[in-house]
Amino acid sequence: MDLVAGGARLALSAGVERFSTHTTRHLCLTDLARMGWELHAIASFAGDRHTETTLQYIHLSGRDLAEKLKNGMDHIHAWRIQMLTNGGTPQDTAGGAR
């Protein structure tokens, strides 16, 4: 049994009727985006010449986007607190002045 036929049988037995080897491309590129890969790096990995093509394969949910927003806002908030407590002088992660 080859990998494609085995994958198709496994998907059907799991009740997933619309699964193909192409589905794994969608899953892989979406996972890379969730891990924080930059779009151009994902496109290069996928062998796409244009990022517009890559975007067709990335499917981030509202939950994914909300988490990215929360992380960004937490980072901004921490930076503002640092600026206020250090008299407007940002500190690097090692504790020294920039």
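The shown structure was predicted, so the numbers you read here are calculated from the model rather than taken from an experiment. The residues of the chain are indexed from 1 along the displayed sequence.
- Qualifying side chain to side chain contact (heavy atoms under 4.5 Å, CB included) partners for Ile81, counting only residues two or more places apart in sequence or in other chains: His77, Thr85.
- Within the structure, the salt bridge (charged side-chain N to carboxylate O under 4.0 Å, His left out) test picks out the following pairs touching residues 56-65 (sequence neighbours left out): Arg34-Asp64.
- The side chain to side chain contact (heavy atoms under 4.5 Å, CB included) search around Thr51 returns Leu39, His40, Ala43, not counting sequence neighbours.
- Considering CG of Leu32 and OH of Tyr57, their distance stands at 14.5 Å, rounded to 0.5 Å.
- Placement of Leu69 and Leu60 in two distinct hydrophobic clusters is found when ILVMFWY residues are connected by side-chain heavy-atom separations under 4.5 Å, directly or transitively.
- Below 30°, between 30° and 60°, or above 60°: for Phe45 and Trp37 the angle between ring planes is above 60°, a perpendicular geometry.
- Put simply, Leu29 and Met35 are part of the same group of oily side chains (I, L, V, M, F, W, Y) that touch within less than 4.5 Å, one to the next.
- Criterion: ILVMFWY side-chain heavy atoms under 4.5 Å apart, direct or through other members. Under it, Leu84 and Ile76 are not part of a common hydrophobic cluster.
- Applying the salt bridge (charged side-chain N to carboxylate O under 4.0 Å, His left out) criterion to Arg25, with sequence neighbours excluded, gives Asp48.
- Every side chain to side chain contact (heavy atoms under 4.5 Å, CB included) that His50 has, sequence neighbours left out, goes to Glu52, Thr53.
- Note that CG of Asp74 and CH2 of Trp79 are 15.5 Å apart. Values are rounded to the nearest 0.5 Å.
- Residues satisfying the side chain to side chain contact (heavy atoms under 4.5 Å, CB included) test with Asn71, not counting sequence neighbours, are Glu67.
- Counting only heavy atoms from C-beta outward, the side chains of Glu38 and Ile42 never approach each other to under 4.5 Å.
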